[in-house]
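First comes the structure, then the notes that go with it.
For clarity, every value in this text was computed on a predicted model and none was experimentally measured. Hydrogens, waters and symmetry mates play no part in the numbers below; they use all other heavy atoms, side chains included.
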Amino acid sequence: MTGYVFLGFAFGLLMKTKGFPTWLPVIMSLVVYSGAMEYAAVPVLAQAFNPVGSFILAIMLSARHLFYGLPMLKKYDGTGAVKPFLIFGLTDETFSLLSASDVPNGLEPKAYYTAVTLLDYFYWCFGSFIGAVFGGMVKFSADGLDFALTALFIVLFVEQLKNKEGKISGSAGLILSVIALAVFGKGNMVIASMALILAALLLLKKVIVNE
């Protein structure tokens with residue numbers, strides 16, 4: 001709750017300080033629900049419309065969601081009608097919580113997964129709303145707010161390394177990203193690292209899922 005409300009607040013505030021209407025960050029959070037893409041969309045929306053560039057940016061930033069599906073295949077079996085929502089709501093923090101923790105005693109897995117996903121969704125959207133409202137009431141410098149998302153990714157990465165399942169995918173992502181940076185340079189590393197990570201996780205699929 002603390003992480004998502006704060007990050008949502010920072011996003012709503014950032015959007016408002018850039019001159020966008022109060023309702024826009026709220027709608028984006030409800031429909032897009034991708035923190036990295038929403039933050040990246042702020043400068044994109046402020047520039048001339050470039051659908052091709054926006055599409056490529058969205059694919060690069062959201063490609064990591066493909067990787068989340070691998071260790072969640074077994075967990076989401078039998079979730080029935082809520083499965084589409086669980087897939088839609090599988091964000092970084094939700095994945096970290098569900099993959100690193102066991103279902104509490106006395107709860108059905110389906111109910112637990114739905115509750116965690118729904119609460120995270122609400123926290124993010126609520127944070128975006130209060131951030132946008134606050135940004136319309138006071139003058140505030142938004143410099144550095146976009147680093148909040150990077151900080152969350154670092155925390156989630158550290159948390160993933162604490163469990164066996166996360167060590168495999170997390171270590172692979174880190175090592176291959178460093179290799180992509182060294183070989184292709186920082187200007188081309190994103191696509192290269194995503195391709196390498198996707199290939200590695202597909203090869204390690206059975207290992208990750210079985211864990």
Side-chain angles (χ1 to χ4, degrees), residues 1-12 25-39 58-59 61-130 148-173 194 197-198 200-211:
M1 180 187 69
T2 304
Y4 267 13
V5 169
F6 176 78
L7 285 170
F9 178 87
F11 168 67
V26 179
I27 295 298
M28 288 180 64
S29 294
L30 287 169
V31 177
V32 179
Y33 193 45
S34 173
M37 188 60 228
E38 289 179 54
Y39 271 88
I59 291 296
L61 290 178
S62 301
R64 68 186 188 282
H65 291 268
L66 296 172
F67 311 146
Y68 296 164
L70 296 178
M72 301 301 291
L73 291 175
K74 287 187 176 180
K75 287 182 178 289
Y76 284 175
D77 278 347
T79 52
V82 299
K83 189 173 184 179
F85 173 72
L86 295 177
I87 295 172
F88 167 76
L90 191 59
T91 59
D92 303 279
E93 191 165 89
T94 303
F95 169 76
S96 183
L97 288 171
L98 295 183
S99 64
S101 63
D102 297 323
V103 178
N105 292 331
L107 286 181
E108 293 184 358
K110 176 182 176 180
Y112 176 66
Y113 301 152
T114 303
V116 171
T117 305
L118 185 61
L119 285 172
D120 283 347
Y121 182 56
F122 170 76
Y123 297 147
W124 176 265
C125 296
F126 177 71
S128 300
F129 170 72
I130 60 175
L149 194 65
T150 304
L152 176 64
F153 285 158
I154 295 174
V155 172
L156 294 178
F157 174 71
V158 173
E159 288 296 318
Q160 281 295 301
L161 292 181
K162 292 181 180 180
N163 65 84
K164 185 183 297 184
E165 182 179 288
K167 285 181 180 179
I168 299 175
S169 56
S171 299
M194 288 293 183
I197 293 171
L198 177 60
L201 291 181
L202 288 175
L203 291 174
L204 297 173
K205 175 182 176 180
K206 291 185 177 180
V207 176
I208 295 174
V209 172
N210 289 336
E211 292 293 343

If you compare all heavy atoms of [X] against all heavy atoms of [Y], which two are closest, and at what distance to 0.1 Å?
X   : Y    : answer
A81 : P84  : O-CD, 3.3 Å
P25 : S128 : O-CB, 4.1 Å
D77 : K83  : OD1-NZ, 4.5 Å
E38 : S29  : OE1-OG, 3.0 Å

Gap between atom [atom2] of [Y] and atom [atom1] of [X] - 0.5 Å precision:
X   : Y    : atom1 : atom2 : value
S34 : Y39  : OG    : OH    : 12.0 Å
K75 : L86  : NZ    : CG    : 12.0 Å
F6  : W124 : CZ    : CH2   : 10.5 Å
I87 : Y76  : CD1   : OH    : 8.0 Å

Identify, with sequence neighbours excluded, every residue that meets side chain to side chain contact (heavy atoms under 4.5 Å, CB included) alongside L119.
->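 Result, side chain to side chain contact (heavy atoms under 4.5 Å, CB included) vs L119: Y123.
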For residues [X] and [Y], determine if any side-chain heavy atom of one lies less than 4.5 Å from a side-chain heavy atom of the other.
X    : Y   : answer
Y33  : M28 : no
V82  : T79 : yes
Y121 : T91 : no

May I ask you to decide if the ring planes of F122 and F126 are parallel, tilted or perpendicular, using 30° and 60° as cut-offs?
->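 Parallel: the ring planes of F122 and F126 meet at under 30°.
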Are the side chain of S99 and the backbone N or O of F95 linked by a donor-acceptor pair below 3.5 Å?
->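 Flag set: sc S99 to bb F95 pair under 3.5 Å.
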Pairs where residues 106-120 contributes a residue and the test side-chain hydrogen bond (donor to acceptor under 3.5 Å, both in side chains) is met, not counting sequence neighbours =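 For residues 106-120, and leaving out neighbouring residues, the side-chain hydrogen bond (donor to acceptor under 3.5 Å, both in side chains) pairs sorted by first residue read T94-D120, S101-Y112.
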